[in-house]
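Taking it in order: structure first as structure tokens, then the write-up.
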Amino acid sequence: MRVGLLGAVIFREWRTRVIKKSFVIGTLLMPFLMVGFVAGVVLFTDRTEQEQRVLVEDAPGLITRLDAASGQYVPRCPGCFPERANHGYRFVREAPADSVWQAQGYTLLVEYDEAVLQNKAGYLVYETSPGMVAKRHIERDLSRAMEHARVLASTDLDWAAYQRLKLDLILVDREVSEAGRVEGGGEEIRGGIGFLFSAILFLVLAVYGGLIMRSVVEEKSNHVIEVLIAAVRPEELLLGKVMGTGAVALTQLVAWSVLSTVAFSAFQLFFDSGALTPGGAMAVGEEVPVDLLTVMAENEFTAILLDIQWGLMALSTIGFFVGGYLLYGSLYAAVGASVASEQEGQSMVVPIILPLMFAYVVGSGALQNPEMAAFTALSWFPLTSPVMMLVRVAVGVSLWEVIGSWLLLLLTARATLWLAGRIYRHGVLHDGSLTGWKLIAQWVRGHGR
Amino acid sequence: MTHALDIRKLEKAYGPQRVLKGVNLDVKPGSIMGLLGPNGAGKSTLIRSVMGIVEPDAGSIRIGGHPWSREAVRGVGYLPEERGLYKDMKVGEQAVYFARLKGMDKADAVRALKGWFERLEVAGWWDRKVSDISKGMAQKIQFICTVVHEPALLILDEPLSGFDPINARRIIDAVRDLAESGTSILLSTHDMPSVERLCDEVVLLHGGEVVLSGKADVLREEGWAGEQEVVFRGNDLAFTNALGAGAHLDRIEPDVADGVRRAHLRLRDPAQTAGVLQALSSSVDVLEFVKVRPTMESLFIQAVNAAGSNTEAA
């Protein structure tokens, strides 16, 4: 293997794709879009929650009493309505007409009657939907207040005693491993994260594999290949092409990681300075500043992002990307060498990408039962391991399994490169008048030139 | 003598079809060999075998005295008949890439390329994309990429196709200069005038076999069948009578100048040239008596037809 030649081929493949407007724009834009998406979720959630003013029509007088001093209805259980940064309550026995309470500045009206304790249902009236988070907060506050009313009405217990007696059991996962009992649980969320990474890997393998195929077909159709083959061994050219295009993908992944970190840090700095919150970065009724990470932790979607072990996942993704890419990239190159046009190649690519697609589809099943033998087997099988092992890594898997599966993937990739090299060597100079699996089999056996 | 290229008994078949049938060929150092033949004669297969693109079934190839190897091939300059460039690369960048594949370092490649770009008047296109340049311009770039690493052996397959006469002349001059500086060249072409102008030796392939080979001027001399051109002043009848049975008169062009005529004739016995000239001189005023040797084109057609008849007869 001549390093200088290989380097020249890799550099050309890399340079012609990276020094391109579309690549630069795509690479710069994606992290800012992603951070912008997160920022949008945070800012949108933050703003909608702050805007809610809730009027509760406690017609049956279940949860409120008249405060003589203020002449207003107040909760019987003040602790059931904690101070929230996003919304505040006002209680009445009879709500005015919709237009009136709206004119008074309320955004939500809660209505229920005596039957609420039996049928556990009331109404939330609004002009603009408050969103899931605000609705859940209101449901939780009112449920506790009504629970308080029922306890007082139907038992001899006082609320404080009931609270002491009440028990919400929490089962904390403990997994038995070689190191003894370790923290467990959260498989679904962590598996989901792994699934997200495997989806990204699947897309990158499919997109950049397609890029290799197009590049090979282009060299055949513009006849550059004949000059190249005279100077470089077909196997070297194939390897250079796969590695060069892979380097483009890695460049993009690394650029996305760095730029996302920079953009996120900048947004975090900006957010934490309070410049985005009208009243400063202080929560209503709280003494501590509201920082971005706290806000994200309160949001269901963004909380998942905080849960990700980015270092481990990035390392595994890159490791399995390299192996998977060498494997699938060389197969795509072999297909490119065997066909006369990109359209013809697309139909031949389907059976090749099918195992990966299969792993991607059944990967969602692994979220439910990651320890199932079939998923373990798929995470070892080289054609599916790039996708499946990532899900298992996220859920938790022995290090020896990860390394073993990865080494097997690398060995298979090496063998595939050799095989693809034989197909490439014969196919790349083939005029395309006759193609098909039979001819490819001949090339693998070394005949046909 | 070590030949720049030495091919012995080269055989190649595609399925039942034998494309090369024991071809022998050698290119001497610093010479230009014309590789001729009708379409399908096996020229491209022969060249592709030398370049390692096609694997021959039998025979041997030596390059610069060494047995065939990838490393030996890498030093060869090769301009294929079907050629192209990467459309999305800049011209200069692409030329440097090809030079680097041929083992040059970047600085040397840039220096050498700039010189060739100046010579072929494409210097202004260095930073332009290939998709922006004309076909003729692209042909010149391809030629430059082929010769920039100063190969000891250069294989050119139809190097003049696509060129206008002015640029074709520039390429011919460049090829001649390369040969004069010691480069050995195998030139495959259908352009017979360029063969006559450039080639020291020719090999004519037909049906995968060498049907004619040798030094170009010797072949033309050997192919001479008594054709003469006579410029004279005098009477046509006297001229015809003087010829007698010694030659066959094809035609006489009247008044090529004031009272001067040009006759085209074929001697019945080429050995009797002096006798015919003497007979004519006694009857008319002979101004020129020139031997008309066959063109490469006519030799080509003659040889191909002869080979075709032999095949049919067999």
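Per chain, numbering begins at 1; letters A, B, ... match sequence-line order.
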Which of the residues B:Asp88, B:Leu85, B:Val50 is involved in the greatest number of heavy-atom pairs with chain A at under 4.5 angstrom? B:Leu85
Quick test of your reading of the model: are A:Glu226 and B:Arg48 salt-bridged, counting only N-O distances below 4.0 Å? yes
Can you tell if the side chain of B:Leu101 reaches within under 4.5 Å of the side chain of A:Val9, non-hydrogen atoms only? yes
Supply the atom-to-atom distance B:Ile53 CD1 to A:Ile225 CD1, rounded to the nearest 0.5 angstrom. 9.5 Å
Taking atom CD of B:Glu150 as the centre, report whether more than 12 heavy atoms of other residues, nucleotides or ligands fall under 6.0 Å from it. no
Less than 4.5 Å apart, side chain to side chain, heavy atoms only: is that true for B:Arg74 and A:Leu5? yes
Top residue by heavy-atom pair count (under 4.5 Å) with chain A, among B:Pro80, B:Gly15, B:Gly103, B:Gly84? B:Gly84
Does any heavy atom of chain A fall under 4.5 Å from the side chain of B:Gln142, the backbone, both, or neither of them? neither
Should the pair B:Lys87-A:Glu218 be classified as a salt bridge under the 4.0 Å nitrogen-to-oxygen rule? no
So, do B:Tyr97 and A:Leu228 sit near enough that their side-chain heavy atoms are less than 4.5 Å apart? yes
Chain A contacts, top residue of B:Met51, B:Gln94, B:Glu93 (heavy-atom pairs, under 4.5 Å): B:Glu93
Apply side-chain contact (heavy atoms from CB on, under 4.5 Å) to the pair A:Thr16 and B:Tyr86, showing each step before the final yes or no. CA-CA 10 Å; A:Thr16 49; B:Tyr86 293 107; over 6 Å; no
Please classify the contact of B:Phe98 with chain A as side chain, backbone, both or neither, using a heavy-atom distance under 4.5 Å. side chain
Enclosure of A:Trp406 CH2 (heavy-atom neighbours >12, cutoff 6.0 Å): no
With a sphere of 6.0 Å drawn around CE of A:Met34, does it hold more than 12 non-hydrogen atoms of other residues, nucleotides or ligands? no
Ring-face cation of B:Arg100 near A:Phe11 (centre distance under 6.0 Å, axis angle within 45°): no
B:Met89 vs A:Arg15, side-chain contact (heavy atoms from CB on, under 4.5 Å): CA-CA, chis, key distance, verdict: CA-CA 10 Å; B:Met89 279 181 93; A:Arg15 194 177 192 283; over 6 Å; no
